[in-house]
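The next block holds one structure in the form of structure tokens; read it before the comments.
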Amino acid sequence: MIYRELTEKEYADAENRILYEDNHLLVVNKRAGEIVQADRTEDETLADLYKAFIARRNAKEGGVFLGIPHRLDRPVSGVTVFAKTSKALERMNAMFRDGEVHKFYWALVCRRPEAESGELSDWLIRNEQQNKSYVCRDNSGQRKDAKLARLRYRILGNTDRYCLLEVELLTGRHHQIRCQLSNIGCVIKGDLKYGAPRSNPDGSICLHARRISFVHPVRKTEMTVEAPLPASWAGIAGAAFGGKVSV
């Protein structure tokens with residue numbers, strides 16, 4: 001298998017973004033704008049980038065296995081897990097499916113929620129043509145295409161213009177956090193698709209997969225991996241805390 005040759009800058013950047021690695025797992029900090037898995041744009045995927053990285057680092061002549069147990073939306077940044085073996089992939093797939101992986105996101109929203117913390121439970125309908133999800137308002141999940149979406153949130157801090165939320169994702173629906181927060185009037189900064197008044201200069205949205213916790217699929221040890229915030233909005237997040245956060 002021949003992978004593209006990474007430049008020295010690309011290789012160093014890929015190496016610096018590794019948050020955890022062993023023989024079974026690779027956890028990296030995805031940038032907003034990167035795609036995890038191939039789509040119709042045919043842009044290079046994060047998986048392909050790290051296959052090329054591993055092939056070069058390990059001087060591997062054969063193909064590099066890198067399974068994808070979960071995905072982040074293109075404009076979202078943060079913790080992304082890859083499986084380096086088929087056994088790890090099978091077990092991680094089951095853990096994600098069964099709710100045994102605990103996912104926490106940070107979201108910078110344009111309006112403070114009414115409650116300091118809460119749980120949102122909505123039935124969502126996905127519009128494939130628009131690549132967008134909507135809250136189903138006309139029934140209680142009776143439509144066959146509606147899927148139950150649940151999350152918990154809590155306020156971490158505020159600035160004069162934005163509110164920083166931590167969101168625990170309890171289900172894994174299409175655009176779930178973006179759709180549910182927009183539904184209560186708390187649109188994510190930069191998220192034009194769900195009602196933000198303006199885009200971010202880099203095309204990102206201020207939604208970051210901050211932390212993930214699970215039992216290692218092979219070693220059976222508890223582990224938590226955290227990703228530093230993008231520099232583009234870490235300053236605002238730090239101001240919400242009244243100080244700095246890791247960037």
Side-chain angles (χ1 to χ4, degrees), residues 30 32-41 43 45 68-80 93 96-99 101-156 161-210 212 230 233:
K30 173 188 173 299
E34 294 177 320
I35 54 173
V36 177
Q37 192 175 33
D39 64 9
R40 59 189 177 187
T41 67
D43 291 342
T45 69
I68 305 172
H70 82 129
R71 298 154 188 83
L72 296 180
D73 294 343
R74 185 167 196 151
V76 178
S77 58
V79 177
T80 304
N93 280 336
F96 274 102
R97 182 183 64 244
D98 297 338
V101 180
H102 306 288
K103 297 166 283 184
F104 296 86
Y105 291 71
W106 280 15
L108 200 60
V109 297
C110 300
R111 176 179 170 272
R112 180 185 174 95
E114 293 182 4
E116 290 286 325
S117 62
E119 182 170 322
L120 304 181
S121 181
D122 300 291
W123 291 90
L124 302 189
I125 297 172
R126 179 176 180 176
N127 185 313
E128 295 279 358
Q129 290 184 329
Q130 295 179 336
N131 189 30
K132 186 175 180 179
S133 289
Y134 294 87
V135 171
C136 181
R137 305 182 188 280
D138 57 358
N139 63 63
S140 299
Q142 300 305 309
R143 286 184 53 162
K144 291 183 179 180
D145 57 345
K147 294 184 178 181
L148 181 62
R150 295 173 53 239
L151 62 78
R152 296 190 189 101
Y153 76 87
R154 66 185 181 101
I155 295 175
L156 296 177
R161 296 179 59 188
Y162 302 106
C163 180
L164 181 64
L165 305 179
E166 181 176 73
V167 176
E168 181 182 3
L169 200 56
L170 302 177
T171 54
R173 307 306 182 196
H174 175 260
H175 289 186
Q176 177 181 338
I177 298 175
R178 301 165 67 181
C179 182
Q180 287 191 278
L181 290 183
S182 174
N183 187 56
I184 62 170
C186 300
V187 180
I188 295 170
K189 182 180 181 296
D191 196 359
L192 294 179
K193 179 168 290 217
Y194 287 93
R198 63 186 63 85
S199 62
N200 290 335
D202 61 0
S204 69
I205 65 174
C206 290
L207 179 62
H208 180 71
R210 177 65 165 174
I212 194 167
W233 62 282

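Starting from 1, each residue takes its place in the sequence as its number.
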Under a 4.5 Å cut-off applied to non-hydrogen side-chain atoms, are [X] and [Y] in contact?
X: Gln176; Y: Thr171; answer: yes
X: Thr45; Y: Val36; answer: no
X: Trp233; Y: His208; answer: yes

Closest heavy-atom pair and its distance - [X], [Y]:
X: Cys206; Y: Asn200; value: SG-ND2, 3.6 Å
X: Ile155; Y: Cys163; value: CG2-SG, 3.8 Å
X: Ile205; Y: Gly190; value: CG2-O, 3.6 Å
X: Ile177; Y: Leu151; value: CA-CD2, 4.1 Å
X: Val109; Y: Cys186; value: CG1-O, 3.5 Å
X: Pro197; Y: Cys110; value: CD-SG, 4.4 Å

Partner residues of His175 under the ring pair (Phe, Tyr, Trp, His ring centres under 6.0 Å) criterion, sequence neighbours left out: Tyr194
Quick check against the 3.5 Å criterion: does [X] have a side-chain atom that pairs as donor or acceptor with the backbone of [Y]?
X: Arg111; Y: Val187; result: no
X: Lys103; Y: Val167; result: no
X: Lys30; Y: Val76; result: yes
X: Gln37; Y: Arg71; result: no
X: Asp122; Y: Leu124; result: no
X: Thr80; Y: Gly78; result: yes
X: Arg74; Y: Gly33; result: yes

Run the salt-bridge test on Lys193 and Asp73 with the 4.0 Å N-O cut-off and return the result as yes or no. no
Asn93 CG to Asp98 CG distance, which is reported to the nearest 0.5 Å: 10.5 Å
Go through the steps to decide whether Arg210 and Tyr105 satisfy the test side-chain contact (heavy atoms from CB on, under 4.5 Å), and finish with yes or no. CA-CA 5 Å; Arg210 177 65 165 174; Tyr105 291 71; 5.9 Å; no
Between His174, Arg126, Arg173, which is the residue that forms a side-chain hydrogen bond (donor to acceptor under 3.5 Å, both in side chains) with Ser133? His174
